[in-house]
Structures are given as structure tokens and as C-alpha cells.
There are 2 protein chains.
Amino acid sequence: MTRPATAQRTLDVALGDRSYPIHIGAGLLSDPQALVPYLAGKQVMVVTNETIAPLYLETLCATLPDEFDVRTVILPDGEQYKSIEQVGRIWDALLEAGFNRRCTLVALGGGVIGDMVGYAAASYQRGVAFIQVPTTLLSQVDSSVGGKTGVNHPLGKNMIGAFWQPRAVLIDIATLATLPGRELSAGLAEVIKYGLIRDEAFLSWLEENMAALRQISPEAVIEAIASSCQIKADIVADDETEQGVRALLNLGHTFGHAIEAHQGYGNWLHGEAVGAGMAMAATLSERLGFISTADLKRAQAVIESAGLPLAAPAGMGSNDFLVRMRLDKKNVDARLRLVLLDAIGDACIDDTTSEALLCELIDGYPRA
Amino acid sequence: MTRPATAQRTLDVALGDRSYPIHIGAGLLSDPQALVPYLAGKQVMVVTNETIAPLYLETLCATLPDEFDVRTVILPDGEQYKSIEQVGRIWDALLEAGFNRRCTLVALGGGVIGDMVGYAAASYQRGVAFIQVPTTLLSQVDSSVGGKTGVNHPLGKNMIGAFWQPRAVLIDIATLATLPGRELSAGLAEVIKYGLIRDEAFLSWLEENMAALRQISPEAVIEAIASSCQIKADIVADDETEQGVRALLNLGHTFGHAIEAHQGYGNWLHGEAVGAGMAMAATLSERLGFISTADLKRAQAVIESAGLPLAAPAGMGSNDFLVRMRLDKKNVDARLRLVLLDAIGDACIDDTTSEALLCELIDGYPRA
């Protein structure tokens, strides 16, 4: 499969009157033309975290002409701060500034910032505009598309939130230069997921280009982000509020969310948990005869080549998984629904797997 | 104007795939056929307050067959508890029960309960089903239609929330028998509002039937509720997310919200503040030459006949009004937008009134 090398790409996420563009390139953060066309009015609240603020906040704010009333909120960094209390700090800042429903929120940061700012925007005065400026690979390929926003609750991840679409997403791949390698790998987990669930040719491309991606080769990175966003956009366009096919995007996430919740948010990175979760889902798929052993090994190899774990966390028993998996949003009434593989490049929803079989798989699964 | 006497009425709020029915009658709360068709799955969370729980909670729960997993949350009663913290208690209960996204929330109570439960439903797992069972006249004619949900913030009323439509609204007018007279009058403020902004014939009918309404004559009450909901439904269908004509529903509310916030939520009832606010808006409309002095007197008379205040609160100065009116959601950037009357039965949006003129009006306006 050949894919053209490109310096900048724009995709459109087609959602009727909630459609928006995703711009992907190097240097967008410092481009005065990038952000301004998407601002709803003159009031702009840029929200970021303590890690990203010293790197990019001044650069981004400097692109905004003087006529804009620009305020900033800097939240603590980390999944453990993805809470309604932190969203409350954004609301406080908006009200203290006297911002009205024509204001725009800008999310500058990773998925945690994007999800919280999106939810803050969805709920402020019953909904205001927001723009995503994702600075991690994970958020660039995942939360850029789909309009999922929200926060964690002590009893479950992303349990409180809204579907709320941004006006635009600006992906500046220059921000990946400051991203720790472990977080780059975590982002690659979602990239691999798109290949596994929908596009065998893209998975082959990833197998060939994994080294270039881990070295942040701009052409490879732009290609991987654009392909990932396009696959997700196609799925989301079919199913904006996750009634059907969109659930396939949860490959590895049912296991992964249980791992994150059990380990305490922020100890395993989301992408790491998804990597191990995809390996678990692939193993179950092979056990059920949905895929061959060769396909399982191929899935495991690509996950491992991205620097991701295959094993589950030490000390996490089958009951630790099940108690959290039963809370999964895909479940209907009391029945577990899992995303499994029918082939490399083709995922399916399974609600026939018994808890007993699942326990057996988990009990026998390797531990880190 | 003649309107037919009816024992039960059903209206449809037409919002495409978010359309829903409003059933209005006596005894719906104890009818097993009323609620069940609108439940999304088997998990049901009924949320009410400490005042309503002893009156109607058991009756409502008893209508649900054993196959449903029915849980309850009882919140404190009052506008001062319309907060994100109380919504958090609903989320806690949902997660502790292990409820998934096929659950249904039932709001049993007045507007505060309806708004909080609606917002809890809008945000739980990014949106679950809810049903409104409004027990006050105000909530029956106001929050039954429109999908506005949310909570107050210390810096402003209804500043946090979402547009989220119920699956159905069940209005049992038998609940008005336990409603304090002061709250009945507060509900009549919104009923009068519909006549003032949109329907001169309905306002005439109200002038003739005010005594019957204050005595809770079933036929008059059903007629007033049905007409009010129909007027609101027509407006909302034109403008679901309040970009244009829907703002007319805010007649009296810009002044009214300032009164409520200044007095402390819960001291003036919402409808009382709206009554005085409509009288203030009518007075400004006359001052600007939009309506005649006779029309002003007619508006004041019908408000007063419902047992509502015409005067503003003692000790509330023009700056106390303005500081809060500047935060109003209708404003665009820094410009105040007011709903005024062009005639009895015809409202308009005005953004030409200067703060100086407004101050003069408020300073010279009667105080209670």
C-alpha cells in the first residue's frame, strides 16, 4: 500500500451542522491564521495544564490579536485530576471573567485537558464553542474526533460527560518533540487500534513504519494521524452517539479501563492499558476461534513493537476486572458486551461470552 | 374565545428524533400505564425532594412492575440546593447502583428537581433517558417543554447545564392540591407570560378565568397548562437551542433573575421574581413608546390578579440589577438584550436600551 507524503493535511469530520475541520501540520500553534477563524466571539478562555503551560501557552496566546479578551486557566497535570472539581475551576474562571455564551474555550493539552474543557464548554450556559489543540499523540488521534467529553468519577472512568463537538481541531505535530517516549507509545496504541478494527492495509503500513513513527519522522507521523482521524471520523459519522458501530472503537478499552481504574488513574497510561487490553481481546478472539493463532501473534507483535505492554498488571485478579467491566457503558442491562476481532482489520461486538469463560481467560493470562 | 373543556390532554413536542409527548390529566401518578412505556431499560432511578417524597414517591414507585430495578434519591428541597453538588449525589447513586446507559431517571418534583435530574441524565455516561413528572404549576408549564436542564452557580442562575429532552412528561394535576397558594401564583406568572408574549386571546381567557385557576378548577387548570405548553412547544420547535425567537420566553426573566440572585435563591420564588420582572419590562416598554399606558395597566392588572408582586424588592438598587443583568445569557459580547412588549400578545428583543435609561427606570420603579 502506498500513501502520499504530505507536509500538511486537513480532514473534515462530517456531522451535519456540527461538522468541523481537523488541521494537521507543523507549526500551527504559532500561526495567527490557525485559531482566529474558529472563535465564536471576542471572549477566549485558554485552558491548559502545568506541564504544557510553560511550553506552549504564551506562543498560542500571542497569536491572538489584541481585540480578543483572552484569559487562561492552568490546571494540574494528570488523569487523577480529570474530575468534576477541576471542571468547576474552569466554570469559576468563566463566570469571574463575566464570559457569556458567545465565548470560546480552547483546550491546549492532552486528552485529559481536551475532555475536561469539552465538558466545561458543553455545560457552560448550556453549551459554548470550543477548539481542541491536542499536544499528545494519543489526543491527536483519539479525542480529536468524536465529541466525547467528560470526567472520571471515583467509581468509573469517563462516567460523567457529554457528546459535544469542537469547532475545529488544530494538530501541531511540533508538540510531539516534547512528548515523553512512554506517552508516544501510548498514543501509538490507538493508532494500532484503527488498523486492527478497520483497515488491514493501514496495519501493514504501521508494521513497516513503526520505527519512523517512534523517531517522530514528520511525514510518517502526519500520515499516521491523518489515517487514524479519517478512520475514526468515518465511524463517528455513521454513529455520532455510540448506538452501534462506534462501539468498535472500544477495542481493548473494556479491559483497559478496568486496568486503569484498578491501578489508580495515572499509574498506567491510558494507551498502555489499551495496549494490554487489545492483546487480551485478541487472545480471547483466538480462544473463541474468531481469529487464527497467526493473527493473534501479528496483533501481539505490532503492539509490542510500539513499546506497549502485552501483559496484565501483576496482582490484578479476574474479579478485579469483572467488577469494573460490568460497569462498562456498552453493556445492555446486565449483559457484558466486548469488542473482539473477526480478523486483522475487522472487529465485532460479542455479547455471548460468559463471565466464567472470561474469568478463565483472565486467570490464565500473563502478568507483568 | 371558547376553549373546549377536557378531562385529559396529550400534546406532542415536535423536535425530530427528540420529540416527546406531554400527558396532562388527573391521577397519572398512580396509573401503571403512564410511566412504563417510556422507560429505556429495566434500571430506574426516581429522584425527588424531602417535601414531595412523603406525598407521592411511594405511589409512583408502586406503579412499576417488579421486573424493574427501582432506586430512589431524595434531595433537600429548595432553589438553594440547585447545585452541582446535589447533582453529584444523583451520579453517586447511579454508580453505586451500577446503572448503565440504558437506565432511566425520573424527576418527581418541581422545576429544581426537573432541572437537576435532567442535567444529571444529560451528563451520566454522556446522556441517558429521563422522564419528567412535574408536581408544581410552574414546572408543569415551564420546564416541561424545552429541554433546559442545569444548576445554579454562586455567580449566576442556571449557568451550568445542558439542553436535554425528556422521553415524556407526565403532568398529574392532582398534585396541585398539595401546592402552597404562593407557589400556585408563582406558576401563574409563567402562564401569564405566554399570553403576554404570543397570544392575546389566551391572555383574555386568563383574565376571565383567573379566579377558577386560583381555585384549581380541573378544567381551567388543564386548559391553562395545555395552552401554555403548546405555546412554548411551538416556540421551542422553531428554536431548540435558543438562538433566536426562543429568547422571547425570557420576558421578565432578565429582571427576575437579578432579583432572585440579589435576594438569595429561594427567598423570592422564581415566579414571583418573574411577575415583578414582567411588570418592569412592561413599564420599560411603555416608557419607550412600544405599548400604550392602557396596555401597561392591563399587564399589571393580570399579574396582580394572580397574586403576584408588581414592585421590586426594597433595598435593591439599579446597580444591583445591572451587575447581574450584564451576565445574562441573551447578551451578545458586552451588549444588554432585553425582552420587551410590542403589544399585549407580542414580544420583541431590544438591544438599544442604554444602561443609563435602564438605571433611570429602575431607580424610579416602586419598591415593595
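Computed from a predicted structure; not experimentally measured. Just so you know, these numbers use all the heavy atoms, side chains as well, and skip hydrogens, waters and symmetry mates.
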- Task: Could you tell me the separation between the NE2 atom of A/H153 and the CH2 atom of B/W91, rounded to the nearest 0.5 Å?
- Result: 8.5 Å
- Item | Atom pair OH (B/Y119) and CZ (A/R126), whose distance is rounded to the nearest 0.5 Å | 11.0 Å
- Item | Which atoms of A/D92 approach chain B - backbone, side chain, both or neither, heavy atom under 4.5 Å | both
- Message: Which residue in the set B/I160, B/T149, B/V151, B/I84 passes side-chain contact (heavy atoms from CB on, under 4.5 Å) when paired with A/S123?
- Response: B/I160
- What do you reckon, is OH of A/Y81 surrounded by more than 12 foreign heavy atoms closer than 6.0 Å? no
- Message: For A/K82, give me all partners under side chain to side chain donor-acceptor pair (under 3.5 Å), at least two apart in sequence or on another chain.
- Response: A/D115, A/N158
